[in-house]
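Below: one structure, written as structure tokens.
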Amino acid sequence: MHTQSDESLYHLMRSGDEQALETLYEKYERLLFSFAYRFTNNDRLSEEVIQEVWMKVWNGRVDFDTQKGKFSSWILTITRNAALDCLRREKRQPTIEVEERDGGYDEPVERTVMQRETAVEVRDAVSELKSEQQDLIELVYFQGLTQQQIADQLDLPLGTVKTRIRSAIQALRKRLDGRERDGRTLS
Amino acid sequence: MEERCHDLINYFNGTLSSADRDAFEAHLATCEECREALLEMEELMLPIAESLPERPVPVGMKARILGEVLGSAETEPPKEEPMTTPVDIKQARQQQTKKKSVPLGWLMSIAAALILSLGANAYFLSQEDSTDTPETLAMDEIKGMGNFESNESIKGSSMVFTQNDKSYMLVQLKDLPPLKEGELYQLWTIKGETPTANGIIEKDGEAAAVFPLKGNGDVDAVAITVEPEPDLAKPTGEIVASVAL
């Protein structure tokens, strides 16, 4: 049996195929949970976020348009929005919360070599950005601030924020592309 | 740059009012720069997400979430109230109990499959006293059920139910990997953080069994480990399968 694409699984799922839902859920469980956790710093809230995401997807309250990009980007966007909404509901900024749940986790599965390499490369690429660019990536992606809040926080004119964000994103993209092209060596 | 272009970040972060969101989407149709910038931001989401440290997924999350999602009605409104219990298991179980009169999707089919399968192939195991097992599977109340999750090949389901004020745990398992000489599968019921040895299976492949529950029958989750001897005070082996009820 060949592996089905996310897009075809999505369409099967929307027609009510529970197995397709389960397959998609399993494929993205760890990625989405770690992603949600980056916003909430809390296992319980992260699980709520993931549940809300799949509830919306299964019940068609959000719709994926294959013409507008990849399923992975889309489901991460939905997860990010749900996590930001969750934080706004909880009316708190991300904080570090130590949870005492000995043995309360599914046994971790080793990440694939490729995932580990990607993780290290993106972290390296971010760390090579200028400090303001790193701040912008953090504020845009993980804090979900408004453009005005970002302007205030970084003491930038409102009109400049978007341009700076775009150049930060392009700088990061360029570094990642450079790594893909040149192997480990940063050009 | 148009005035509307300033809303790009707010659109991306979902902080616009619905009127402003509609207006920005109309703007997107005509502003190539904003479209490109938005696409760039979205495309970076995957590498950024993959770069994050992995957070272990809580035990039984899949069963809880898929149970809720597949049991949800098409018209169910978005959940407004965040859960308040420290661990979701209890509330999830209460929600499942409340919904017993509506179709529960896969959970009900598991229960049906379990009952049918036990009717045909059941063997009953008792930890204490063989007269303690129910003669029939007339359940008074289902207190929780779900599918096992496993990093091994193991598949199966578990259900906790009451009958004549006694609590029982029904498990059905398949694809249990072969055991080494002297090993056994130990079932643990877990309440809070405390595991209690509650039943053994000394075979591989398929197994179906009903175990009387020790204690008051209040169980959050069931886990299975491979152990060298039965009914140790604490698990010594790794969890090979688990289910939150």
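In what follows, chains are A, B, ... by sequence order, proteins preceding strands, each numbered from 1.
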Item to check | A/I165 versus chain B, the contacting section by heavy-atom distance below 4.5 Å | outcome: side chain

Next on the checklist: Among A/Q170, A/K70, A/Q148, which residue has the highest count of heavy-atom pairs closer than 4.5 Å to chain B?
Outcome noted: A/Q170

Checklist outcome for this item: Under 4.5 Å to a heavy atom of chain B? For A/E26 that would be side chain

Item to check | Leading residue by heavy atom contact count with chain B [cutoff under 4.5 Å; candidates A/Y25, A/W74, A/W54] | outcome: A/Y25

Item to check | N/O donor-acceptor pair under 3.5 Å between A/Y141 side chain and B/M41 backbone | outcome: yes

Checklist entry - Quick one: NE2 on B/H6 to CG on A/L158, what's the gap to the nearest 0.5 Å? => result 6.0 Å

Checklist entry - B/K62 and A/E29: salt bridge (Lys or Arg N to Asp or Glu O under 4.0 Å), yes or no, with the steps? => result CA-CA 8 Å; B/K62 180 183 154 192; A/E29 183 181 54; over 6 Å; no

Item to check | Side-chain touch B/L46/A/L31, heavy atoms, less than 4.5 angstrom | outcome: yes

Item to check | Euclidean distance, B/L44 CG relative to A/L176 CG, rounded to 0.5 Å | outcome: 6.5 Å

Checklist entry - Can you tell if the side chain of A/L76 reaches within under 4.5 Å of the side chain of B/I48, non-hydrogen atoms only? => result no

Checklist entry - So which part of A/I75 gets closer than 4.5 Å to some heavy atom of chain B, the side chain, the backbone, both or neither? => result neither

Next on the checklist: A side-chain contact here means heavy atoms from C-beta on lying under 4.5 Å apart; do B/L66 and A/E18 qualify?
Outcome noted: no

Next on the checklist: So for A/I169, is it side chain, backbone, both, or neither that comes closer than 4.5 Å to the heavy atoms of chain B?
Outcome noted: both

Checklist entry - Can you tell me if B/N13 uses its side chain to pair, donor with acceptor, with the backbone of A/T146 under 3.5 Å? => result no

Checklist entry - Heavy-atom distance under 4.5 Å between the side chains of A/E47 and B/P58, does that happen here? => result yes

Checklist entry - Which atom pair, heavy atoms only, marks the closest approach of B/E43 to A/S73? => result CA-OG, 4.3 Å

Checklist entry - Any donor and acceptor pair, going by atom type alone, linking the side chain of A/R80 with main-chain N or O of B/F12 inside 3.5 Å? => result yes

Checklist entry - Is the number of heavy atoms from other residues, nucleotides or ligands under 6.0 Å of A/K56 NZ greater than 12? => result yes

Checklist entry - Taking the side chain as C-beta and beyond, is there a heavy-atom pair between B/M61 and A/D43 under 4.5 Å? => result no

Checklist outcome for this item: Heavy-atom closest pair (A/S34 atom, B/P53 atom, distance to 0.1 Å) is CB-O, 3.8 Å

Checklist entry - What is the minimum heavy-atom distance between B/L8 and A/Q147, and which atoms define it? => result N-OE1, 4.4 Å

Item to check | Under 4.5 Å from a heavy atom of chain B, the part of A/L32 involved | outcome: neither

Checklist outcome for this item: Interface check, chain A: of B/E40, B/E42, B/E36, most non-hydrogen pairs under 4.5 Å belong to B/E40

Checklist outcome for this item: Closest non-hydrogen contact found for B/C5 with A/K162 is O-CD, 3.4 Å

Next on the checklist: Just so I know, are the side chains of B/L52 and A/Y37 near enough to count as touching, which here means a heavy-atom distance under 4.5 Å?
Outcome noted: no

